[in-house]
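Structure first, commentary second.
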Amino acid sequence: MSNTRGKATALLLAAEAVFLLLFGLFVDYDVAAGPRNNSLSMDTTLDHYYPIYQDVHVMMLIGFGFLMTFLKRHGFGSVGFNFLLTCFIIQWSTLVNGWFALIGSNAGRILINIKSLLEADFAVATVLISFGAVLGVASPVQLIVMATIEVVCYNVSIYVGIVQFQATDIGGSMFIHAFGAYFGLAVARVLYKKSQTQSKKEGSEYHSDIFAMIGTLFLWLYWPSFNAGPGSGTERHRAVINTVLSLSACAVVTFALSAVTDKKNKLDMVHIQNATLAGGVAMGASADLIVQPFGALLIGSAAAIVSTLGFKYLQPLLQRTIKLHDTCGVHNLHGMPGVLGVVASAIAAAVADRASYQDSYHELFKNASRTSGANGGYQIAALAAVLGIAIFTGTITGFLLKLPIWDNLSEEELFEDEVFWECPEGDWNQESQNDTNGVEKGGEVSALA
Amino acid sequence: MSNTRGKATALLLAAEAVFLLLFGLFVDYDVAAGPRNNSLSMDTTLDHYYPIYQDVHVMMLIGFGFLMTFLKRHGFGSVGFNFLLTCFIIQWSTLVNGWFALIGSNAGRILINIKSLLEADFAVATVLISFGAVLGVASPVQLIVMATIEVVCYNVSIYVGIVQFQATDIGGSMFIHAFGAYFGLAVARVLYKKSQTQSKKEGSEYHSDIFAMIGTLFLWLYWPSFNAGPGSGTERHRAVINTVLSLSACAVVTFALSAVTDKKNKLDMVHIQNATLAGGVAMGASADLIVQPFGALLIGSAAAIVSTLGFKYLQPLLQRTIKLHDTCGVHNLHGMPGVLGVVASAIAAAVADRASYQDSYHELFKNASRTSGANGGYQIAALAAVLGIAIFTGTITGFLLKLPIWDNLSEEELFEDEVFWECPEGDWNQESQNDTNGVEKGGEVSALA
Amino acid sequence: MSNTRGKATALLLAAEAVFLLLFGLFVDYDVAAGPRNNSLSMDTTLDHYYPIYQDVHVMMLIGFGFLMTFLKRHGFGSVGFNFLLTCFIIQWSTLVNGWFALIGSNAGRILINIKSLLEADFAVATVLISFGAVLGVASPVQLIVMATIEVVCYNVSIYVGIVQFQATDIGGSMFIHAFGAYFGLAVARVLYKKSQTQSKKEGSEYHSDIFAMIGTLFLWLYWPSFNAGPGSGTERHRAVINTVLSLSACAVVTFALSAVTDKKNKLDMVHIQNATLAGGVAMGASADLIVQPFGALLIGSAAAIVSTLGFKYLQPLLQRTIKLHDTCGVHNLHGMPGVLGVVASAIAAAVADRASYQDSYHELFKNASRTSGANGGYQIAALAAVLGIAIFTGTITGFLLKLPIWDNLSEEELFEDEVFWECPEGDWNQESQNDTNGVEKGGEVSALA
């Protein structure tokens, strides 16, 4: 019985009490959100980030939340736990991101502003990606524990990648998508049960697939804000353009491949819901680099190929051979396209010509003393480190989540809202009722015979 | 028979004709939207308000509209009448808000700009909250009459609270949420019929609950725009931060309490759809005050407690004891959290230290000659006045709506789209058909016996 | 058999390869998105257009996409092919729009920035309107071919209307709505088959109508961004105000007329989903003109009348008499209101007083040497030219699409997702199952008799 009375409640209330305490001890408003000083000129931080922050916010809550409602009997859990995780992580990552930012500084307080909130949403995205790998197979208690650990590991990986290796990754191909995917896959591998792959509930129905498209489309259309959000100036403008182009090419190629790989030449909603977004993932690390418009189309097209073929051929293979069950296919949408994106950024960095970048070279490539070739190499080195951290910490987290003190799901509880939610009568109950009718009628008929 | 031929049509066409006339007589473009004068520097009013206006607009039409689609047989009416009311009130409140703003001025024309449109949406929000209290039990004709009256009463309450008492309430805890809730509850009390509480149609089904989450999430994520919209400078920035934090804490605590108050420890969609938003309501009145980040978490947590327990325990009690039927539970989402928000703002105002607010003190607290303690007291006094106006005018409005000249709903017409909408065949008809099948089969079986 | 193996795939992959090549040959970043030059002051193009671009983007993908999901068995195709067309056209129209903009210039490269992306979305809108006319009756291959041709014709029409006639049309009443509608209607007329009008699948169900309202509401609320997007200064501000007012009046009048034209006085979801938007269409051409607030209400009210009566009376008449089948009723939403909008703009132009427009006269009316009366006349002349081009090129396109080399749909394939999509079991299959049950039971009953 996984839904143990009070365990989730106790965990959440304790967490909120700790957040209250730690916010009291550590968190202040940044000067941009503090008392007004009319002698200073108007601060424009809010104007610069707010509309883009809201776009990213939509991606977290509507985008990820509805994308995962494709499961026919896990709509409440998908959109509900996605919501809970987001709210939990906004607070927790404000603290953890803040502490990491204080490393090596003399300051002792975390100063919060709209940019911290945007960065909190990036931590949210990372955990929501991992959530996709264990959707329907992890309990809310397990998810909260996972989120708590993952936010710390995510910051370690950024510390290594950005501070130590000085890699560039404006849109998070490496730190968000690849990290979130491989961390989540490691957790999923450890939690694997044979019964997962046999559940009849792990499927969609007609309307749940349409609900999922709400998620897909909001992710797709606000993705430029995700990739361009942290930037400014012409770099931000370029990141928007590159991301729109990459996503457009990606969707066209995904439709093409989805049809041709099906034996009746029909489109598969799984591909349209997911692989169409791979162009956003893969564009992340080089969104602000001068890859040229055709380069963006190329990256998007390549991402579509990797992702669609991943869903079609690699995912079933991995499940059969290495017992990797990946509910949302995050390996295909975030894992491989993330790696592809880092490789693309490494190439773009290696061929970057300082003159053509003019004054933005030192903005985009933090270590001006390295050659362009070295910058490319460090992208790959950082990727290797990030993947290593993700898989290592994800595996440990997986074993922690298997401890019997958390709510482990039993076989019949997988992919099923009834376990954690009061469910109204409706489509599903009605359908069951129909099944029952069928059985009864069968009985009736035989009674007549 | 409530759907009287032509009554709604006549009312709406007459209203639109009156709007046309009154706009012709009273409304002009503000100079910021008038002829361009190149010798003046570029006006930035539109840039400052437009993105936030659109966020609020989404809250009105998608947020409120879909939040109310949780009813299994009132989806068309929820989203449709919400839409109609919004469009009606945008026009009517432009006039009424404008006339109230002219009080004490020499000007005779209402000058419309993006800020007037934002303020019109605040009037919309107030009426939509009241709509929630009578959802499914008032006819469209009654709703239009209610909206017409309520917009005037809402302006009276603002006039008393802001102009006379000089209270502060950037996000509308008092003037929008508390006013809208108690006005609507007064109407609902007067319209109460015993049959309301026995309707089998007043419930959700699986997919209608997922539709409602679209509303919840868009309300949740754009709420910072609602609370920060009218502000500027560092105050606006602070309002965004406080609201995000309050809402995040609120959602975490709501999940915790929803589970623990259920006898099977399951989550209740009603709480997740509604009580998670109480943190936005309660943060309203002090969103731009220096409550500190941990203070925002505290307000959000308290709102979650009040709201969730309200849904669970108080609402059934009020229905049983004082015959208050509140379809959407607006008392729990807007009423009590609104009052809580004003109390929080009173405390924040009373302890406000002029020095720590620097140049924003006189922006936030209009009456600089009052002590901070007095400012706190006036917040409570204004609240008392607003509640009094809301309950008094709501009650009168309720009796007006009971006049037989409007379309009163009969018992079998409650919570039912078929009354006002051409309904396609589909889930519902099919379900009825199943029920019928069941009955027929029952008959069949007994015939066989 | 319309779903021929590999044809759509081949077409899409070939198109993407051509896009890659042509982008490589022709497309560069605009200087606003190019290398940063710190000696130049910060470019604000992105800030000016980005939030509005995203609103328009939502309209394309969520707005149009979900509006068309009203069909009970074409949800995947509506939202899916809408998505595919958008991604295809973003790329193709970047090229075609760019080439047309180079006419008469010495430059040989297309410079892409956020404004080009916004203009690409306007081309998307035009094709999506035409898509509505043939929804469920054209295959994806036919749609891609149609889009390819239509984007070119759309640019021809703009070239004639804007460059030659120097007409004004900020919101696209003429170039987007009227053009897209009449082009699509011409295609639909040529593709007409008697069986189209007899399909039992061409209808909605309860939840598909609620999905469609997601589209309607996002279109309605972001429409001010569509009409004001290309503008700046006080003209943009005015376009926002005019559009909000026009849409509000339109929705109120639509509700009134929908009820009164129904014999049971019930509201029709088709009207609420569509005719409420006609105020945005009709306001397009004069959104930035000084029509006064009451003028905006008048335009919106007139659009509601034309559109609602069009849906109710004209559409069935046209289908019966001239065999024009218009799945989404684009003639009523985009065609007639577009024409109405141009007429309104002609009147506004003809009565425009140079003095009252101050410095914006020459911005709004490009040819300062013409009298106001002449400007009004040229609006009508441009409309005639645009309608001529639309109907002529649409007819030719229709005949091209009938060539047997494309996937023509057979009778039983109309309005049906099963043809092109892997469909999960669910509502629909369940319903069919119920029907079967009924039949079986019928058999059973007669066997008993």
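In the text below, chain A, chain B and the rest are named by the order of the sequence lines, each starting its count at 1.
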Rounding to 0.5 Å, atoms OG1 (Thr216(B)) and CZ (Phe83(A)) come to a distance of 7.0 Å
Pair Tyr29(A) and His237(B), ring centroids less than 6.0 Å apart: no
Working for side-chain contact (heavy atoms from CB on, under 4.5 Å), residues Val58(A) and Phe218(B): CA-CA 8 Å; Val58(A) 172; Phe218(B) 273 110; 4.2 Å; yes
Whether Arg73(A) engages the ring of Tyr206(B) as a cation-pi pair (distance to the six-membered ring centre under 6.0 angstrom, angle to the ring normal within 45°) should be assessed. yes
Nearest-0.5 Å distance, CG of residue Leu217(B) to CD1 of residue Ile62(A): 4.5 Å
Hey, are the side chains of Pro140(A) and Phe255(B) touching, using non-hydrogen atoms and a 4.5 Å cut-off? no
Take Phe420(A) and Asn265(B) through the test side-chain contact (heavy atoms from CB on, under 4.5 Å) and record every step on the way to the result. CA-CA 8 Å; Phe420(A) 296 108; Asn265(B) 208 23; over 6 Å; no
Let's go through Phe23(A) and Leu245(B) carefully: what are the C-alpha distance in whole Å and the side-chain angles of both, what is the deciding distance for side-chain contact (heavy atoms from CB on, under 4.5 Å) to 0.1 Å, and is it a yes or a no? CA-CA 10 Å; Phe23(A) 268 70; Leu245(B) 293 178; 3.9 Å; yes
Which one of Thr45(A), Leu117(A), Leu22(A), Leu21(A) has the most heavy-atom pairs closer than 4.5 Å to chain B? Leu117(A)
Please examine the side chains of Pro424(A) and Asp209(B), heavy atoms only from C-beta on, and report whether any two atoms are closer than 4.5 Å. yes
Step through it carefully: locate the ring centre of His57(A), locate the ring centre of Trp223(B), and say whether they are under 6.0 Å apart. no
At their closest point, which heavy atom of Asp359(B) faces which heavy atom of Ser39(A), and how far apart are they? OD2-N, 4.3 Å
Contact part of Ser356(B) toward chain A, heavy-atom cut-off under 4.5 Å: side chain, backbone, both or neither? backbone
Using every non-hydrogen atom in the two residues, find where Thr9(A) and Ala259(B) come nearest and quote the distance to one decimal. OG1-CB, 3.7 Å
Using heavy-atom distances under 4.5 Å, tell me whether Val252(B) contacts chain A through its side chain, its backbone, both, or neither. both
Atom OH of residue position Tyr357(B) - does it have more than 12 heavy atoms of other residues, nucleotides or ligands inside 6.0 Å? yes
Distance col, row Phe81(A):CZ vs Leu267(B):CG, nearest 0.5 angstrom, shows 5.5 Å
Nearest 0.5 Å, what's the CG-NZ distance between Asp417(A) and Lys266(B)? 10.0 Å
Can you check side-chain contact (heavy atoms from CB on, under 4.5 Å) on Phe19(A) and Ser248(B), steps first, answer last? CA-CA 11 Å; Phe19(A) 292 160; Ser248(B) 298; over 6 Å; no
Nearest 0.5 Å, please: how far is CD1 in Ile210(B) from OG in Ser78(A)? 8.0 Å
Is it the side chain or the backbone of Leu20(A) that comes within 4.5 Å of chain B heavy atoms, both, or neither? both
How many angstroms lie between NE2 in His48(B) and CG in Asp47(A), if you round to the nearest 0.5 Å? 7.0 Å
Between Ile214(B) and Phe66(A), is there a side-chain heavy-atom distance shorter than 4.5 Å? yes
Examine whether an atom of Thr254(B) lies under 4.5 Å from a heavy atom of chain A, and if so say whether it belongs to the side chain, the backbone or both; otherwise answer neither. neither
So, for Phe211(B) and Phe211(A), is the gap between ring centers shorter than 6.0 Å? yes
Determine yes or no for a side-chain-to-main-chain donor-acceptor pair under 3.5 angstrom, with Arg36(A) supplying the side chain and Thr234(B) the backbone. no
side-chain hydrogen bond (donor to acceptor under 3.5 Å, both in side chains) between His271(B) and Glu422(A), intermediate numbers included: CA-CA 11 Å; His271(B) 305 156; Glu422(A) 290 290 349; over 6 Å; no
Side chain from CB out, backbone as N, CA, C, O: work out which of these in Asp288(B) comes under 4.5 Å of a heavy atom of chain A, or both, or neither. neither
Under a 4.5 Å heavy-atom cut-off, does chain A meet the side chain of Gln273(B), its backbone, both or neither? neither
Which bit of Tyr53(A) comes within less than 4.5 Å of chain B, counting heavy atoms only: side chain, backbone, both or neither? side chain
So which of Leu364(B), Val270(B), Val291(B) has the biggest tally of heavy-atom pairs under 4.5 Å with chain A? Val291(B)
Take the angle between the ring planes of His207(A) and His207(B) and call it parallel below 30°, perpendicular above 60°, tilted in between. tilted
Indicate yes or no: at least one non-hydrogen side-chain atom of Ile114(A) is less than 4.5 angstrom from one of Ile241(B). no
Under 4.5 Å heavy-atom distance to chain A, tell me which part of Leu289(B) shows up: side chain, backbone, both or neither. backbone
Looking only at heavy atoms, what is the nearest atom pair of Glu16(A) and Ala249(B), with distance? OE2-CB, 3.3 Å
